Amino acid sequence: MGEYELHRHVEIGDSHGTAASADVTISQETVRTARASLHAAAGHLAPGIRGRLVDAVLDLPELHDGARLEAAFPLGDSEILYRLRERCTDVETHPAGATVLLEANIGPGRTSRPGAPASPPSPPRL
């Protein structure tokens, strides 16, 4: 069976239209890899919009049985980074200009609960 890729576009809206979006390409190799580019609209966004975008990407049906994630998002977007760290394992990040490149594993069975509040951050280890 030959390799092929699935392409998905995800959008999260608010009262002003599309607030955040992601373009996702999922390889269908033995070890699936999702490559995602996450973007948020300029200006103030309601808290949680960026986290909902991460959830929408990681909840794609093609990723439910675990996959590798390679993501790019704006440097300084702590909400996206925080949610990715909550939902993924073995997270590694690398700055690349004004972008963060992230590599991680998406764990099986780690789908979000719609409307569930994000858990508070763990205290830093000293």
Side-chain angles (χ1 to χ4, degrees):
M1 182 162 64
E3 173 188 336
Y4 64 97
E5 295 182 338
L6 299 171
H7 301 279
R8 300 287 183 253
H9 180 77
V10 177
E11 292 184 351
I12 301 297
D14 64 8
S15 60
H16 302 291
T18 300
S21 65
D23 291 302
V24 184
T25 301
I26 305 164
S27 71
Q28 294 299 298
E29 300 171 356
T30 304
V31 176
R32 283 184 314 275
T33 300
R35 292 177 182 88
S37 179
L38 295 93
H39 311 276
H44 176 74
L45 295 176
I49 292 285
R50 293 171 174 90
R52 286 178 38 214
L53 176 64
V54 170
D55 288 340
V57 168
L58 297 181
D59 289 345
L60 289 170
E62 297 86 4
L63 303 180
H64 281 187
D65 293 325
R68 185 88 180 132
L69 174 66
E70 297 174 356
F73 56 93
L75 185 66
D77 196 325
S78 58
E79 187 175 339
I80 287 177
L81 178 59
Y82 179 76
R83 191 66 179 142
L84 284 166
R85 284 189 171 159
E86 282 186 324
R87 298 278 315 264
C88 297
T89 61
D90 303 320
V91 176
E92 294 183 23
T93 58
H94 313 280
T99 302
V100 173
L101 302 177
L102 176 136
E103 295 179 30
N105 291 318
I106 303 168
R110 295 189 61 148
T111 59
S112 66
R113 294 185 336 257
S119 57
S122 301
R125 294 184 128 174
L126 302 175

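Since this is a predicted model, take the numbers as computed values, not measurements.
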Please answer: with hydrophobic residues joined when any side-chain heavy atoms are less than 4.5 Å apart, are L81 and L75 in the same cluster? yes

CD1 of I80 to CZ of R85: how many Å apart, nearest 0.5 Å? 13.0 Å

Value for NE2 (H16) from CG (L45), rounded to nearest 0.5 Å, stands at 9.5 Å

Any donor and acceptor pair, going by atom type alone, linking the side chain of S27 with main-chain N or O of T33 inside 3.5 Å? yes

To the nearest 0.5 Å, how far apart are CD in E70 and CG in L102? 9.5 Å

Would V54 and L38 count as a side chain to side chain contact (heavy atoms under 4.5 Å, CB included) if you check the C-alpha gap in whole Å, the side-chain angles of each, and the deciding distance to 0.1 Å? CA-CA 8 Å; V54 170; L38 295 93; 4.1 Å; yes

Applying the side-chain contact (heavy atoms from CB on, under 4.5 Å) criterion to V57, which one of D23, I12, V24 satisfies it? V24

Is R52 salt-bridged to D14, cutoff N-O under 4.0 Å? no

Co-membership, hydrophobic cluster, residues I106 and V91, 4.5 Å side-chain: yes

Considering all heavy atoms, the nearest I49-G13 contact: CD1-O, 4.2 Å

Hey, does the side chain of E92 reach the backbone of E103 with a donor-acceptor pair shorter than 3.5 angstrom? no

Write down the atom of P47, the atom of E79, and the distance for their closest heavy-atom approach. C-OE2, 4.1 Å

Check whether R8 reaches the backbone of T25 with its side chain - one donor and one acceptor, N or O, closer than 3.5 Å. no

Look up atom CG in L53 and atom CZ in R83, then write down how far apart they are to the nearest 0.5 Å. 11.5 Å

From CG (L58) to CD (E86), nearest 0.5 Å: 11.0 Å

Counting N and O atoms only, with roles assigned by atom type, does the side chain of R32 sit under 3.5 Å from a partner on the main chain of E62, one being a donor and the other an acceptor? yes

Are L60 and F73 joined in one hydrophobic group, where the rule is that I, L, V, M, F, W and Y side chains link up if heavy atoms are under 4.5 Å apart? yes

Approximate separation, where rounding is to 0.5 Å, of L69 CG and L84 CG: 6.5 Å

